[in-house]
Amino acid sequence: MNVVVVNNFDRMSEEVAKIMIKQIIQKPKSVLGLATGSSPLRVYKLLVEYHNRGADFSGLTTFNLDEYVGLSKEHPQSYRQYMNENFFSHVNIKPENTFVPSGVTEDPEEECRLYEQSIKQAGGIDMQILGIGSNAHIGFNEPGTPFDSITQVVDLSESTIKDNARFFDTIEEVPTKAISMGIKTIMQAKEIVLMANGGSKAKAIYGAVMGRITPEVPASVLQLHPSVTIVVDQAAASKL
Ligand code: F6R
């Protein structure tokens, strides 16, 4: 595990964008696993800037980690919307090569099965980008999720619902379920890059990097992966 400690959010974003750009240059047809949330916002901005300077993203395929159950792809807080607004609509990735689970499918179990199948058909994920929850979740795999889980419907924990309430008008509007790639799905990526900033992530980062490996701290599983880079600002690294 390679831990890179930087000064602040901007430096974290630059470092992660740099790693991704290197991957895209080395393999223009990369399959990228992508995250939403506050952490990667500036990374997407930097990738868009890179595209505006002439970089070609048309060979990429992307798989997002998760989507809220109950939110359509047009819903302003859906992760599909987030990805369109912050990244996809500003670059030349082919829309048909951008995968985000559907939150409004009639058969969520089948949606999960098909998602796993699409990842396999694409040849697996070359580089998975992750944020981390204050409870150390990765994707929406909350504490207690078995390490052999694959894409499935998950219940969001109280702390995640509270953390995500900032994006909704009232806490009642925050979805309580999501479709999330599983821990095993994430661990099958060839390379993993996790980013975190701020003191609210310090305990989770300690658990991910130095804690006991246990499903109670989902990100601790990353200690078992052969190629992980963790990019954190000083506040998130303060317990290391
Ligand atoms: C997002 C995801 C989550 C977030 C995590 C951190 O697709 O899967 O695991 O990465 O909740 O969220 P932020 O970055 O908003 O603190």
Side-chain angles (χ1 to χ4, degrees), residues 13 16-17 19-105 107-108 110-131 138-141 150-154 167 175 178-182 185-186 188-195:
S13 308
V16 173
I19 295 170
M20 293 178 75
I21 288 165
K22 191 170 153 211
Q23 170 71 31
I24 296 167
I25 289 173
Q26 279 173 352
K27 186 176 178 189
K29 289 191 175 169
S30 286
V31 179
L32 302 178
L34 299 178
T36 58
S38 310
S39 309
L41 271 175
R42 190 162 163 72
V43 173
Y44 292 130
K45 239 184 149 124
L46 293 168
L47 291 178
V48 170
E49 284 174 17
Y50 175 66
H51 169 71
N52 289 340
R53 291 198 297 273
D56 179 17
F57 290 175
S58 65
L60 296 178
T61 299
T62 63
F63 287 92
N64 266 79
L65 282 164
D66 37 27
E67 179 61 283
Y68 288 120
V69 168
L71 301 195
S72 71
K73 60 184 193 311
E74 292 82 21
H75 190 287
Q77 298 308 335
S78 74
Y79 285 162
R80 166 59 80 175
Q81 265 301 317
Y82 169 107
M83 290 309 299
N84 287 344
E85 274 170 29
N86 293 298
F87 189 41
F88 297 152
S89 61
H90 306 288
V91 295
N92 67 338
I93 294 184
K94 296 196 180 96
E96 65 271 26
N97 291 341
T98 65
F99 293 81
V100 181
S102 168
V104 290
T105 165
D107 187 347
E110 178 67 357
E111 175 71 12
C112 296
R113 200 186 61 75
L114 290 174
Y115 207 66
E116 285 286 325
Q117 203 180 60
S118 306
I119 295 173
K120 285 204 179 78
Q121 274 166 0
I125 293 172
D126 292 305
M127 177 175 280
Q128 176 66 56
I129 306 302
L130 296 175
I138 46 175
F140 274 141
N141 297 293
I150 57 173
T151 303
Q152 60 178 343
V153 178
V154 296
F167 298 113
I179 289 180
S180 176
M181 274 187 204
T185 323
I186 293 170
Q188 281 169 340
K190 294 186 189 85
E191 201 173 333
I192 295 178
V193 181
L194 182 147
M195 75 190 98

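A side-chain donor-acceptor contact under 3.5 Å links S89 to the backbone of N84. Distance alone, capped at 3.5 Å, is enough to place a donor-acceptor pair between the H90 side chain and the E85 backbone. Side chain of S78 to backbone of E74: no donor-acceptor contact under 3.5 angstrom is found. In this structure, the side chain of Q77 engages the main chain of F167 through a donor-acceptor pair within 3.5 Å. Put simply, the side chain of D126 gets close to the backbone of V31: a donor and an acceptor are under 3.5 Å apart.
N92 is listed as a side-chain neighbour of H51, based on a closest heavy-atom distance under 4.5 Å. Side-chain contact between I119 and M181: present, with at least one pair of heavy atoms (C-beta onward) separated by less than 4.5 Å. Residues F88 and N97 are not in side-chain contact: their nearest non-hydrogen atoms beyond the backbone lie 4.5 Å or more apart. With a 4.5 Å cut-off on side-chain heavy atoms, L65 and T36 do not count as touching. Here the side chains of I186 and I138 are in contact, with some heavy-atom distance below 4.5 Å. T62 has its side chain out of reach of F57: every pair of non-hydrogen atoms, C-beta onward, lies at least 4.5 Å apart.
Side chains of T185 and E116: a donor-acceptor N/O pair is present below 3.5 angstrom, by distance only. If you check the side chains of S102 and R80, you find no donor sitting under 3.5 Å from an acceptor.
Around NZ of K27, the count of heavy atoms belonging to other residues, nucleotides or ligands within 6.0 Å exceeds 12.
Shown here for Y79 and E67, the closest heavy-atom pair between the two residues is N-OE1, 2.9 Å. Scanning all heavy atoms of the two residues, the minimum distance from Q23 to S30 falls at NE2-OG, 2.9 Å. In plain terms, the two heavy atoms of Q152 and C112 that are nearest each other are CA-SG, 3.5 Å. Considering all non-hydrogen atoms of both residues, V69 and P175 come closest at O-CB, 3.8 Å. Across all their heavy atoms, A35 and Y82 have their closest contact at O-CE2, 4.2 Å. The heavy-atom pair separating S13 from R42 by the smallest distance is OG-CB, 3.4 Å.
Summarising the geometry, atom CG belonging to D66 is positioned 5.0 Å from atom CZ belonging to F140; distances are rounded to the nearest 0.5 Å. The line from CG of L60 to NZ of K94 is 9.5 Å long, rounded to the nearest 0.5 Å. Atom CG of L34 and atom CZ of F63 lie 10.5 Å apart (nearest 0.5 Å). In this structure, the separation between CG on L41 and CG on L46 is 11.0 Å, given to the nearest 0.5 Å. Rounding to the nearest 0.5 Å gives a distance of 12.0 Å between NZ of K190 and CD1 of I192.
A side chain to side chain contact (heavy atoms under 4.5 Å, CB included) with V193 is found for one member of Q128, M127, M20 and no other, namely M127.
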Please test S180 against Y115 for side-chain contact (heavy atoms from CB on, under 4.5 Å), starting from the C-alpha separation and ending with a verdict.
CA-CA 10 Å; S180 176; Y115 207 66; over 6 Å; no
